[in-house]
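Each chain gets a letter, A, B and so on, in the order the sequences are listed, and its residues count up from 1.
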Number of protein chains: 2
Amino acid sequence: MSTPGDRQRDADRTRAEILDVAMAEFARSGYAGARVDEIADLTRTTKRMIYYYFGGKEQLYIAVLEKAYSEVRAVEKTVDVDHLDPVEAIRTLAQLTFDHHDAHRDFIALVAIENVHRAEHIRKSEVLANLGAPVLDLISRILDAGHESGDFTTEADAIDVHMMISSFCFFRVANQHTFGALFGRDMTAPEHRERLRTMVGEMVVAYLKGAGR
Amino acid sequence: MSTPGDRQRDADRTRAEILDVAMAEFARSGYAGARVDEIADLTRTTKRMIYYYFGGKEQLYIAVLEKAYSEVRAVEKTVDVDHLDPVEAIRTLAQLTFDHHDAHRDFIALVAIENVHRAEHIRKSEVLANLGAPVLDLISRILDAGHESGDFTTEADAIDVHMMISSFCFFRVANQHTFGALFGRDMTAPEHRERLRTMVGEMVVAYLKGAGR
DNA sequence: ATAAGTTAACTCACTAGTTCGTACATAGGA
DNA sequence: TCCTATGTACGAACTAGTGAGTTAACTTAT
């Protein structure tokens, strides 16, 4: 039997199912390479319904991006900057970023794809503007504390530090295939995980302590 | 009038022109997004000739990859490791890598695209195997010298160090668009160039000196 | 309570346009 | 005459998107 509201819930579930499948498909094949028919075939619904719910391929793709980014924000909220000394705080943030990239491969692929398209779709979404602000604020506070305590001697910009951490974590996942082909090592294999995780932490700390000059 | 050999030279020039245009087109639109007709229209030749010379879209794409990678190898040969102390040698290598990525945007885009396709095309080309060996050898020698001189205290693996440098340089170019959209800063803009170039050098040096622990 | 009306969710079949690739004819040099 | 190089036209398969009508839940008037 069915109760009132079942239809709405079913529709929401269908929407969510489409989004999940579409995310995997776009991440696997890119925007142009992904097929709407393929996405439809992998769901319990039809292509017509994808158009009914999302309007078109591009809007579906944007919806996927929004979902992926929203799942991801507020990772940095886990860093308890006030109860950690600056060195441990920045190391923790770096390793959290590492873990996060490690756990969200599809998201990484989508970001890489979106860069191929010069971020044209992200720019069409208001939901995704200024999503970076929280991390920058966190890093700024850590940097200030580190300079005050004397732990950090390098004058660094929060955006630059974020870029340094992100680049390491992102590259390891995003470029695993060509890197593996060229150097014969899968950076994402379990046996390299802990070493690289430690490395990203030591890298930022060493840089901020200022031993590079 | 025509001399013997003209035909061959013309054919080579046509091949080269197709490759140039195709490289730009694939870099701009990705593999699936690139259009053979579009590439043909941008050359003085026809689509028929692309198929005549290269056989198909995929073979053309692989030829583009081979050309791009071959243009790129032997950057590291410029680092005169024997006449530089280890600290300056690794810093120089890092900044040379930075310059290189800065100057070859299309190549970066192709690598990113190839990773979306899980390096399936690179693996089909024998030309591109073990292309990474020279840099690793160079880094190994720098690391050995640095440990001997006492400048480096961190025990580091050559591949890891290469990854650290590459990730920074690659990310700055490859992710400029989404990063710009999220943080409101174009990492590739002239006003950030020198600072980031210095940064990558200080980053490796600081890490290898071992201040991170 | 129930008939009539309304709307969201859904199906099926179809189309207009694209895109890779090729068949065929031809030109000109060796 | 034979071979390489090339232009023209075309086709087969694919692909995003739609037109039109159906079903079933919900609402409102009586």
For residues 178-187 of chain B, run the donor-acceptor check on the side chains, cut-off 3.5 Å, and write out each pair with its distance to 0.1 Å, sequence neighbours left out.
unit_1, atom_1, unit_2, atom_2, d
B:Thr178, OG1, A:Asn115, ND2, 2.8
B:Arg185, NH1, A:Asp157, OD1, 3.1
B:Arg185, NH1, A:Asp160, OD1, 3.0
B:Arg185, NH2, A:Asp157, OD1, 3.3
B:Arg185, NH2, A:Asp157, OD2, 3.3
B:Asp186, OD1, B:Thr188, N, 2.9
B:Asp186, OD1, B:Thr188, OG1, 2.6
B:Asp186, OD2, B:Thr188, OG1, 3.4

How close or far is atom [atom2] of [N] from atom [atom1] of [X], stated in whole angstroms?
X: B:Leu60; N: C:dC20; atom1: CG; atom2: C1'; value: 13 Å
X: B:Tyr61; N: C:dC20; atom1: OH; atom2: P; value: 15 Å
X: A:Phe54; N: C:dC10; atom1: CZ; atom2: P; value: 12 Å
X: A:Arg44; N: C:dC10; atom1: CZ; atom2: P; value: 11 Å
X: B:Asp41; N: C:dT19; atom1: CG; atom2: C1'; value: 13 Å
X: B:Ile50; N: C:dT19; atom1: CD1; atom2: P; value: 14 Å

Under 4.0 angstrom between A:Thr46 side-chain N/O and C:dT11 OP1 or OP2: yes
Any A:Tyr52 side-chain N or O less than 4.0 Å from OP1/OP2 of C:dC10: no
Worked check of salt bridge (Lys or Arg N to Asp or Glu O under 4.0 Å) between A:Lys47 and A:Asp41: CA-CA 8 Å; A:Lys47 181 168 64 157; A:Asp41 287 348; over 6 Å; no
Would you tabulate the pairs of protein nitrogen or oxygen atoms and nucleotide nitrogen or oxygen atoms of nucleotides 14-20 of chain D closer than 3.5 angstrom?
unit_1, atom_1, unit_2, atom_2, d
D:dT15, OP1, A:Arg35, NE, 2.6
D:dT15, OP1, A:Arg35, NH2, 3.2
D:dT15, O5', A:Arg35, NE, 3.3
D:dA16, OP1, A:Ala34, O, 3.4
D:dA16, OP1, A:Lys57, NZ, 3.2
D:dA16, OP2, A:Val36, N, 3.3
D:dA16, N7, A:Lys47, NZ, 3.0
D:dG17, OP2, A:Tyr51, OH, 2.9
D:dG17, OP2, A:Lys57, N, 3.0
D:dG17, N7, A:Lys47, NZ, 3.0
D:dG17, O6, A:Lys47, NZ, 3.0
D:dG19, O6, A:Arg48, NE, 2.5

Exercise: do B:Glu114 and A:His177 side chains pair donor with acceptor under 3.5 Å: no
Test of ring centre spacing under 6.0 Å for B:Tyr69 and B:Phe107: yes
salt_bridge(A:Asp20, A:Lys67) N-O dist < 4.0 Å: yes
NZ or CZ of B:Lys57 within 45° of B:Tyr31 ring axis and under 6.0 Å: yes
